[in-house]
Structures are given as structure tokens and as C-alpha cells.
Amino acid sequence: MSEETKSLNFIEHIIENDLKTEISQDKLRFRFPPEPNGYLHIGHTKAIGISFGLGERYNAPVNLRFDDTNPAKEEQEYVDAIKEDVSWLGYHWDKEVYSSDYFQQLFDWAVQLIKDGKAYVDSQSSEAMAEQKGTPTQPGIDGPFRNRTVEENLDLFNRMKAGEFNEGEHILRAKIDMQHVNMLMRDPIIYRILKKSHHRTGDTWCIYPMYDWTHGESDYLEQVSHSLCSLEFKPHRELYDWFLDQLVVEDQVRPKQREFARLNLSYTIMSKRKLLQLVEDGVVNGWDDPRMPTISGLRRRGYTPTAIRKFVETVGVAKRENVIDVSLLEFCIREDLNKTAPRVMAVLDPVKLVITNYPEDKDEWLEAENNQEDDSAGFRQVPFSRELYIERDDFKEQANSKYFRLTLGKEVRLKNAYIIKGESVVKDENGNITEIHVSYDPDTLSGSGTEASLRKVKGTLHWVSIKHAVKAVVREYDRLFMDESPDSHADKSFMDFINPESLKLITAFVEPSLTEAKVGERFQFQRLGYFNVDYDSTSENLIFNKTVGLRDSWAKEKPKTEPNPNQNQPKSNQPQRKAIDVIQQFGKKYTNLPDAKREKIKADILELAEKVSYDELEPLFGTAAKKVGTRIAVMLTLQVLLKNGLERNDAINEFIEKGLADGNALLVAEASEI
RNA sequence: UGGCCCAUGGUGUAACUGGCAACACGUUGGUUUUUGGUACCAAAGAGUCUAGGUUCGAGCCCUAGUGGGCCAACCA
């Protein structure tokens, strides 16, 4: 890795620093350690992106480790799904490993802990233990079994392993300090009895290690150098280190846990438990429902690995709580699809258009460019005839000059075809438009190069030939939740914010080339958005998912669309700030400026000072001593005011005195001017 | 009546050993355009939570406060 133009995030700074002081690059190793108890979601892509991204950056191996220490919640299905998702994102792990691979080693180490007098078997109820544990503000107390002999502990622990006891009868705890300020250090549990079959080890074990006892030791066994996790594990770090202290030997890499803020996305939830509830309650149709924030959901929705990786890269890494606006995710997928998706024509809300002067029995196959952003994409043929579908939205009987689409008496172009002119409408008895009659100019065919074809018209419409059109189902998705932060309301459940109209089924008409479309293929329906072929789709029954709409600056013109709620009013363009405020702002950076620029700022201040009243200035006499720049600006302003005839008073004199006595030469200079 | 972490435009992230607060999204205007898309140009928007301190100079260092988050599962 040579010089980077991009700045480093705080984790990269830590690693760069470690590289300088304590570890060589070939010892760098990372891991991504999901628990296989659910599907991966967009939040996980951040963790994945950090660890695998570091692996790519430093050419270091990254393990995919399944943290499977709780057989009650974990399943093979999730293991498979996680592997598929990580691969799909384009990351390559070094080893596929499981915490359960280390059960024997973990057990042996626990025995050692007992022998060292650092672990004991506790035989109380969980309630009793919770009682003794204290609270964050009150220390805990020692329990009655804390001082069992090594022999007794060993015997009990072995019998726990042998299956002699029921769940809950005994547990093994580390013997640390029940009075510790960190509650995790108050004799944490390291083994519990769980008479459950494990998805990998079956019934070999009936005692299972806890997270804290497993994680750092697994990192150590794999020689992970930097163990990155989210912020809520910060308090665990002390315990992580304590456990490591018990077994680390020299010349082995000692893993470091470091924590970053997890990703939150507006208008969605990120908790596996809650996501599971959406699946189980039938709110969505499975973990890969295109409305889900899961990786598999995004994949089915039409997102690309490129877009997701770009997104993760863009949101950055820090320790500050954050909520990323979905618009950034949408930007990332549009950016990718704009470059790669072939353009086609589809009409989602059809109205019939008849070209009255076009021969009834004529068909034409017109040339259409597949993707103007990609020269290699080539061309295809689309059929044209007398009767077409266009979007209902694209016609108005009359409209103002801001409407660029079809109206009576005005011309628009049909994409890849002719220029037409609105002539008349046919309505049913309720006044609904059933047909639009137009005439076309035969000399205006796209690409024909004739003078007429080069004529500028304001609008271009997409269309499909009714005779040739293919019916397709389009699934249009809206956000699943109507609240920006559905699971952060104390008084309401996230289920209260479910959007009942998050899925809309549309019968659309698409150009015939789409019968060839394969599952997963992505297209831009021109002027509408990006769509992909769902895996429920067949060539007889085409089904598309709407990935995301095109950016639509026209929609904002229309009054009925609600304003984006999380966008605030642009502040009035020239707020006309008060002179004193501007002076204060100038002052702030005054002392740090190069001479030339400082002179200019000084001149500006002196000019602005003409507009300042004494009442505005006086409060600033109390400016903190450290804000030298502001005090200089105030001094300059004062000079002007005095010159303009302001009477001196005690406050002014005192302020000048203090200026003269200051250590800053610039301030002293301006004070002496008076 | 605790401990730890965090605080920079609307959002997110930068600013290396203190030295003219930058980039992206979003917003607004314009140019181009056979997609009201894309591309391009431009603009507005923060003086860095507050109060003190150190310093010639603080977003960055120190102190105190305020606000937010995390910590009391035989979950991870």
C-alpha cells in the first residue's frame, strides 16, 4: 500500500500506528464473526466492509467465523445464507471457521482456569446471582459458592460436561471481582448447561461457552490481530483482555478489540430479532423480500454488490452514533445502474394512443440504442405501429408551458420514433379519456437525419406498440415503515409504523424484447426507473421488481407530492446577517491568517464597523481571553466607533487596558492604536 | 447515584505532528440532452455543544459543565 490520497479512518490510523510500533504487516489478520441466527442485513455490510476492506487494503487474510455458541438460536440455513451473501458482495475469506471448532480447547482452558483458582462453579438460581451482581451504581457481593475448592470445582465442572445436571443447576464463572465498576467483570459466566443439539457438534456437548469466553480466545487461536466490532461491545473489552491475560504466551499475536459505531439507516430497522418478527408475522414474504434491509432482500430488489460496497465506503467509519439517510443508498444504486443497465420501454399506467394518419396495417421495426452511457451496448429493434400505449401521466388536454408532455395541438417526440401532435381525445360516459388521437410527421423519424427529424420539441415520451406489447407484472415497493426511526420510540412499537401500502402490484406493458430477459437481469425502464427480473418470473409470466425510481425533478413541481419530510427548508438566500455577527466570524480566524489576507479582513472589519452600534458591541467586551481573534475584531470596531464620536466609558477603558496587557502582539498593536 | 464512549453544515465522513474547516449525499439555479435521467457549471448551507484554560495561534491539548449513547441476559 503506497501513499493514499484518501484520508484514513480511525481504525486505519490505529493499524498504521501498530505497524510502526509493534506488528509487521504479514501478521495482520482480521475476521468477520456473525452469529448464524438470522440473515445478514445492510448494517452487517459495514462490518463486512471494514474487516474485508482492511484485508484487501493490507493484503491480509480475513476469516469468516460463525460464532455458534448458542444452539438454541442457530441454524444451518443461516450459515448457508451468510456465506452466499458475503460471496455475493464479492469478498473472499481465508478460512471458514466456527467457534464450535474450538469447544474442546475452550473446555481445556476453562479447566486450567479452575486449576489456577480463577474460575468456580456456582450453583445458585439466576435470580440469586442477579441479586448479588449489584447495579451499575452499586457494587456486587460475593456469592456463597465463590470459594469452593479447586477439586470440588473440577469435579462439578466435569460432571456438568458429562450431562449429570439439568439446565440451570450449575454454571461456571470466572473469579474476578464482584465489586468491579464494570459489571461485566463481576464474575462473568463462562459456561452454561444447554441440553440442545448443536447444528454442527450435535449432542457431543451439553455445556456451551458464553460469548465473552469464546470470542477473544477464538481470535487468539486464529491469530487475528485486530478484532473489530461495534460500539456496544466496548465494555466487553476489559473482559476480553482479562481472559487473554490468562493464556497468551509470548511470540504469539495478541488480538486487539476495537469498536466502531454501527450503521443505522433511516426508515428501517436493523435488529435481527425484529426482522425475524416481520418474517414470522407475514408482514413480508421472507427474509429476501425486496422490502427487507437484508442483503438478500436488496439483492432481490435489484441492488448490485458494487452499489452496496460503494455505499459502505461512502458512509465512513467513526465512533459517533449516526443515521444514514436512505437517499444515499439510492444514489449509490442509481449511479451504478445508470452506467450498466440497458434501457427499454415499458408503460406502467397505459392509455391508448392512435396515430390517425399512420397506415392501419403497417409495422415498422425501429432502431433503439440500448444504453447511451455505454458505447458497447449496441442497438435493438422495437416495433412501431398505429396504436400505442403511453403513460396516462404523459397527456393533458391543456397544460401550462411548464408541462413538456403531450397536449392538444402541441408536438412531442415518441422516443426512437416520430414527432406527433395531439389532435383530439375520446372519452367514456364518465369523462375518462379512453383514446388520444394524434397525427405524426413521417419525415421526423429518429436517426433519419432529415431536417424535420432534427426539429427540437420540448418533450420525449416512451411508448409500446399495443399489437406487440407483452404483459408483465411490476412489483413496486415503497418504504416499509412510515417513520424515520421506527424502533426508537419508547411508547410505540416499530410494528405501529408499518406502511400498509409498501407493495403495489401493477400490470404493465413492456416491449417484446423483454421476453428474453433472464432472472436477475436489470433494466432501466426509460423515464421511470430501474427494474429487475424477479426469480418468480417466467417467459410466459414476466415479473419485475422496481429497484428505485429515476431522480425526478419534475415530481417536485407537482403540488400534490408531499415534501420530503427530512429535508428542511432551504434558508433564505441572503439572510442579511448583522454586521456585528460577520465581524465576530472574521475575528474568529483572524490570528491564523497569512498577513496579506489578514490585512484584507481587517479592512473589511473596519468597513463593517461603521454599521455597528455600541449596544451591539458592548457584550463582546467580556469575550474569553482565549478568543484573541474576536477580541481583536472588537478592538478594531471600537476604534471606528470612537473615531465616529463615541464617548469613552469604564467598560471601554477596561477592555482597552486588558488588550494592552495581553500577550498577543496583534491585540496589543490594535489596542495601542486607540 | 457509578464507569466508559461520543459531540464539526439538513445527513455522513475528513482536516496527518495545533496553522485559511474539506469531500460526498441532499437542496437551489443554470448549460447540454430524442429519458423532466445522465453529464457539466455554479450557488446556498457549519466556524466545530457551552464556559474557562494553555498557546503567537485551538475543531485538534487541559479542566469543568451540558447533551446523547452504552453497561445489571445461563444472548451475541
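Heavy atoms only: backbone and side chains are in, while hydrogens, waters and symmetry mates are out.
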Practice task
Please determine if a side-chain N or O atom of A/Arg192 lies less than 4.0 Å away from the OP1 or OP2 oxygen of B/C75.
Solution key: yes

Practice task
Would you classify A/His13 as touching base, sugar-phosphate or nothing, given that sugar-phosphate means primed atoms plus P, OP1 and OP2, and contacts are heavy atoms under 4.0 Å?
Solution key: sugar-phosphate

Practice task
Mark yes or no for a side-chain to base donor-acceptor pair under 3.5 Å between A/Arg334 and B/G37, with no hydrogen or angle criteria applied.
Solution key: no

Exercise for the section: Under 4.0 Å between any heavy atoms, over every strand shown, what does A/Lys402 touch: base, sugar-phosphate, or nothing? Just pick one. Expected result: base

Handout entry: Base B/G12 paired with A/Glu321 side chain (donor-acceptor, <3.5 Å)
Key = no

Practice task
Using a heavy-atom cut-off of under 4.0 Å over every strand shown, decide if A/Gln524 touches base, sugar-phosphate, or nothing.
Solution key: base

Exercise for the section: Indicate, with a heavy-atom threshold strictly under 4.0 Å, whether A/Lys319 touches base, sugar-phosphate, or nothing. Expected result: sugar-phosphate

Exercise for the section: With heavy atoms under 4.0 Å as the rule, sort A/Val457 into base, sugar-phosphate or nothing. Expected result: nothing

Handout entry: Among B/C4, B/C71, B/C25, the nucleotide that comes nearest once only the side chain of A/Pro235 is considered
Key = B/C71

Practice task
Could you check whether A/Arg551 gets within reach of a base, just the sugar-phosphate, or nothing at all, counting any heavy atom under 4.0 Å?
Solution key: sugar-phosphate

Practice task
Would you kindly give the CG-to-C1' distance between A/Asn370 and B/U35, to the nearest whole Å?
Solution key: 14 Å

Fill in the blank from the handout: RNA chain B nearest-nucleotide lookup for A/Asp67 and A/Asn182: closer to the 5′ end is A/Asn182

Practice task
Could you tell me how the ring of A/Tyr78 sits relative to the ring of A/Tyr39: parallel (under 30°), tilted (30 to 60°) or perpendicular (over 60°)?
Solution key: perpendicular

Handout entry: Phosphate OP1/OP2 of B/A76: any A/Thr69 side-chain N/O under 4.0 Å
Key = yes

Problem - Proximal nucleotide (of B/G36, B/U38, B/U35) relative to the A/Leu550 side chain - result: B/U35

Handout entry: Of the listed nucleotides B/C74, B/U33, B/G2, the one nearest the side chain of A/Ser126
Key = B/C74

Practice task
Compare side-chain N and O positions of A/Lys73 against OP1 and OP2 of B/C75 and report whether any pair is under 4.0 Å apart.
Solution key: no

Exercise for the section: Taking only the side-chain nitrogens and oxygens of A/Ser553, find out if one of them lies under 4.0 Å from OP1 or OP2 of B/G37. Expected result: yes

Practice task
Would you indicate what A/Met129 reaches in the nucleic acid, counting non-hydrogen atoms under 4.0 angstrom: base, sugar-phosphate, or nothing?
Solution key: nothing

Completion exercise
Against the side chain of A/Pro136, the closest entry in B/U35, B/G47, B/C71 is B/C71

